[in-house]
Structure formats: C-alpha cells, structure tokens
Amino acid sequence: MKEVYDVIILGGGPAGLAAGLYAGRARLKTLLIEKGGDGGQIALSADVENYPGQLLEGETGGSLAARMAEQCRRFGVERRTDEIHAAALDGDVKRLTGGEGEYLARTLIIASGAAPRPIGCENEADFIGKGISYCATCDGAFFRGLDVYVAGGGDSAVEEAIFLTRFARSVTIVHRRDTLRAARSIQERAFAEPKIRFLWDSVVVRAEGGDLLEALTIQNVKTGELTRVSASEEDGMLGLFGFVGHLPNTALFEGQLPLERGYIPTDEDMRTSVPGVFAAGDVRVKSLRQVVTAAADGAVAAVQAERFLAES
Ligand code: NAP
C-alpha cells in the first residue's frame with residue numbers, strides 16, 4: 001500500500017517551508033515536494049532586508065531559505081525532489097503524480113509560487129542564457145564591465161538594477177511608465193546610484209544578435225519612436241534582465257480549482273474551494289506578495305490542515 005501522508009506541501013519557497021515547519025511541529029506526517037532548489041523566488045534574491053528581524057550582514061534569499069529548510073528537517077518533514085504534472089484533488093485522498101512517482105495525502109497545501117513573466121520582446125526565447133536573464137543573483141557576474149538593461153519598474157526591477165551595478169558598466173532601467181512602482185526607499189537608492197539611468201515610457205520590443213545578445217530595440221510607448229542600442233565591438237554583447245512581474249504556477253490545477261487571472265482564491269484561512277486543499281504564498285490571490293506574507297500564509301495553512309484532519 002502506498003503511504004498516505006497527513007499533508008503534502010507542494011513547493012519549497014517561504015510559504016511551503018513555513019507550512020512544513022508548522023506541520024512538522026504539529027507532528028503531522030508531512031511530505032514537501034519541490035522540483036528545484038529551496039527558497040523559490042527568494043533564492044534568486046541577493047539581499048533580503050524586509051523580513052522582520054532580518055539584520056544579518058550578508059543575508060541572501062538563499063541563506064534565509066536554507067535556515068527555513070533546516071527547521072523543517074529538524075521537525076521531521078520528509079522531502080522529495082520531483083516535478084508534479086498531474087493532480088487529482090477530489091475525494092478524501094489527494095493524489096499528485098510526478099516524474100518520480102505518485103504521492104498521496106489527506107490534505108494538500110499548494111505553495112507552488114510564481115515564475116518570472118517573459119519580457120515580451122521579439123526573439124526573447126532565442127537569447128535566454130545568451131544575454132537575457134531573469135535572475136541578477138545568478139547571472140549578474142557574467143556582465144562585468146558591460147552595459148545592462150533592466151525591463152520593469154517594480155521592487156524586483158529596481159532592487160536588482162542596484163545589485164547589477166556591482167558588475168555592469170551601466171544599468172538602464174526601461175520602464176513602460178514615467179513613475180516607478182517600487183517602494184520609495186528602493187527608488188531613492190536607485191536615483192542616488194550614478195551607474196543607473198532610466199528610459200521612461202519605454203519597452204524593449206526586439207532582441208538581436210548572433211550567438212550572444214548584441215542589440216535591443218526600445219520603443220517609446222507615447223511617441224512610438226524606436227531606438228536601437230547595440231554593444232560596441234569591443235564588448236561583443238549586452239545584457240537584458242526581465243523583472244516585469246510573475247505568472248502563478250497553477251497550470252496543474254486548471255479545471256480542478258477556480259483560478260482568478262491564474263491565481264488561486266482562498267479564504268483567510270487559506271482554504272480553497274476543495275475541502276482539504278489549501279493554498280499559501282504567491283500562488284494565491286492576495287494584495288501583498290512578500291516573504292513575510294508567504295511565511296504567514298504557510299503557517300495558517302498548516303494549522304488549518306491540522307484542524308481539518310482532526311475534524312474529518
Ligand atoms: P511587480 O510589482 O508586479 O512589478 C512589475 C513591473 O513590471 C511593474 O513596474 C510593471 O509596470 C512592469 N510590467 C508588467 N508587465 C509589463 C510588460 N508586459 N512590459 C513592460 N513592463 C511590464 O513585480 P515585482 O517587482 O517582481 O514584484 C512582485 C512582488 O514581490 C511585489 O509584491 C513586490 O512588492 C514584491 N517584491 C518585494 C521586494 C522587497 O520588498 N524588497 C523585492 C522584490 C519583490 P507598471 O508599474 O506600469 O504596472
């Protein structure tokens with residue numbers, strides 16, 4: 001007989017890891033499934049300065065996530081690395097199917113997060129890993145001494161642009177409006193950074209090059225004017241980092257759960273419309289997507305899963 005867990009947590013970002021901590025402490029038989037490394041999107045973050053109590057010098061998203069994962073381990077949470085491609089949520093036992101096998105549980109906490117939204121320019125897919133990236137922490141060092149462009153105007157775009165100044169000769173933020181969405185404190189740092197300049201009311205419409213990204217066409221959305229920027233012969237390439245928001249990782253649940261613009265609606269106890277199925281973190285409909293709110297969601301979801309198990 002296949003093992004039936006009390007709870008399966010899908011996703012090892014802050015929401016999933018916090019859910020693991022609470023489920024483990026509640027002595028639920030808990031399995032956490034993650035397809036890649038721990039931390040979800042914060043693993044890509046070089047600097048975490050707004051998680052309460054986080055004052056450690058040099059704390060990265062990865063190091064914070066590693067400590068969260070260690071807490072789960074200490075409380076007996078089992079782990080599997082697998083990519084889930086099918087889910088059956090109806091019935092008393094929820095069933096997930098991945099490349100490595102099938103997983104069963106009486107409750108499920110969906111904490112599968114979100115993935116970077118494509119920039120939307122022509123030839124984007126051709127230059128991913130050849131000049132186009134969605135992770136400054138991972139790829140910033142490849143652009144030492146080069147000119148780099150950042151698409152977006154939210155917290156991620158502006159924070160990561162600041163991070164990229166450690167490596168790049170110049171960093172140009174290309175934003176589709178003339179005011180940034182990023183928090184004021186982040187904006188102030190960017191405006192004070194001499195290596196950063198801004199192209200307002202602009203979007204990247206085309207990427208070009210041979211093996212590597214060599215040129216971008218940028219359009220002013222108000223005037224329609226097109227500007228082509230290209231790497232000097234000496235540089236040979238330029239960089240384009242995309243931070244234009246995220247798309248929720250919910251394709252798996254289409255047709256099984258109602259979705260709003262791809263996100264999973266829940267009540268304030270993280271309950272979805274399916275009994276025994278909870279959602280936590282960036283994957284759900286919510287107004288503030290931060291590490292602190294993801295972790296809080298995970299805690300609530302695990303406590304509610306425990307109550308559901310006790311009552312069913
Ligand atoms: P975001 O807040 O959704 O910002 C996305 C940015 O991309 C916006 O400026 C948006 O422009 C622009 N954009 C969207 N679609 C576009 C398109 N098709 N073409 C060009 N530009 C486009 O995403 P985020 O910055 O990744 O942040 C996600 C969440 O994580 C937010 O809640 C954010 O506060 C949080 N976060 C927090 C921190 C922190 O607190 N330190 C760090 C990173 C992320 P408009 O402004 O015109 O809509």
Side-chain angles (χ1 to χ4, degrees), residues 13-15 39-56 59-65 111 113-125 132-138 140 149-164 171-191 196 198-207 216-222 224 226-227 240-249 260-263 280-297:
Q41 290 172 63
I42 57 158
L44 311 181
S45 190
D47 193 14
V48 178
E49 63 176 17
N50 56 354
Y51 189 67
Q54 199 314 93
L55 291 169
L56 292 179
E59 178 82 291
T60 64
S63 60
L64 179 62
R117 183 203 303 274
I119 297 161
C121 65
E122 209 179 313
N123 304 331
E124 181 168 357
I132 295 184
S133 167
Y134 309 90
C135 177
T137 317
C138 321
Y149 291 77
V150 168
D155 286 339
S156 301
V158 181
E159 262 190 350
E160 301 306 317
I162 295 167
F163 175 74
L164 286 165
V171 179
T172 304
I173 295 179
V174 183
H175 182 37
R176 65 181 178 181
R177 293 186 294 130
D178 63 0
T179 49
L180 296 170
R181 178 182 293 278
R184 273 292 163 82
S185 61
I186 300 174
Q187 292 192 27
E188 283 163 13
R189 281 164 50 210
F191 289 137
I196 295 183
F198 295 86
L199 282 180
W200 302 112
D201 300 315
S202 299
V203 291
V204 179
V205 290
R206 187 174 161 80
L216 296 173
T217 304
I218 295 169
Q219 181 167 42
N220 182 304
V221 293
K222 285 199 170 146
L226 296 172
T227 307
L240 173 62
F241 284 78
F243 299 107
V244 295
H246 295 90
L247 298 173
N249 294 320
E260 285 178 20
R261 292 181 302 110
Y263 292 91
D282 283 8
V283 76
R284 76 181 188 94
V285 175
K286 63 194 297 189
S287 62
L288 183 63
R289 293 192 172 85
Q290 299 274 296
V291 182
V292 63
T293 59
D297 284 3

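In each ligand, atom 1 is the first atom listed, and ligand 1 is the first ligand listed.
- For Thr137 (side chain) and Cys135 (main-chain N/O), no donor-acceptor pair under 3.5 Å exists by modelled atom type.
- For the pair Arg181 and Asp155, the salt-bridge criterion is not met [side-chain N within less than 4.0 Å of a carboxylate O].
- A donor-acceptor pair is defined here as one N or O able to donate and one able to accept, closer than 3.5 Å; no such pair exists between the side chain of Asp201 and the backbone of Asn220.
- One N or O on the side chain of Thr293 and one on the backbone of Leu288 form a donor-acceptor pair closer than 3.5 Å.
- At a heavy-atom distance under 4.0 Å, only side-chain atoms of Asn50, from C-beta outward, approach ligand 1.
- For atom 36 (N) of ligand 1, the nearest protein heavy atom (residue, atom name, distance) is Gln290 NE2, 3.5 Å.
- For atom 11 (O) of ligand 1, the choice among Gln41, Arg177, Arg176 with the nearest heavy atom turns out to be Arg176.
- For ligand 1, the polar-atom distance check against Gly153 finds a nitrogen or oxygen pair separated by under 3.5 Å.
- Heavy-atom proximity to His175, at under 4.0 Å, picks out these atoms of ligand 1: 9 (O), 11 (O), 45 (P), 46 (O), 47 (O).
- Using a distance-only test at 3.5 Å, with no hydrogens or angles considered, a donor-acceptor pair links the side chain of Gln54 to the main chain of Leu56.
- Of all the atoms in ligand 1, the ones that sit under 4.0 Å from a non-hydrogen atom of Phe243 are 6 (C), 7 (O).
- Gln219 places no side-chain N or O within 3.5 Å of a backbone atom of Val203 that could act as its donor or acceptor partner.
- When atom types are taken as modelled, the side chain of Asp297 and the backbone of Gly281 share a donor-acceptor pair closer than 3.5 angstrom.
- A cation-pi contact, defined as under 6.0 Å to the ring centre and within 45° of the axis, links Arg289 to Tyr263.
- Given atom 21 (N) of ligand 1, the protein heavy atom at minimum distance is Val244 CG1, 3.5 Å.
- Checked against a 3.5 angstrom limit, the closest N/O atoms of Ala157 and ligand 1 fall outside it.
- Scanning the protein heavy atoms around atom 29 (C) of ligand 1, the nearest turns out to be Arg289 O, 3.7 Å.
- Protein heavy atom closest to atom 41 (N) of ligand 1, with residue, atom name and distance, is Glu159 OE2, 2.9 Å.
- Distance from atom 48 (O) of ligand 1 to its nearest protein heavy atom, with residue and atom name: Arg181 NH2, 2.6 Å.
- Among protein heavy atoms, atom 3 (O) of ligand 1 sits closest to Gly245 CA, 4.0 Å.
- Contact of the Leu180 side chain with the Phe191 side chain is registered, since non-hydrogen atoms from C-beta on lie closer than 4.5 Å.
- Atom 33 (C) of ligand 1 has as its closest protein heavy atom Asp155 OD2, 3.4 Å.
- Among protein heavy atoms, the minimum distance from atom 24 (P) of ligand 1 is reached at Ser156 OG, 3.3 Å.
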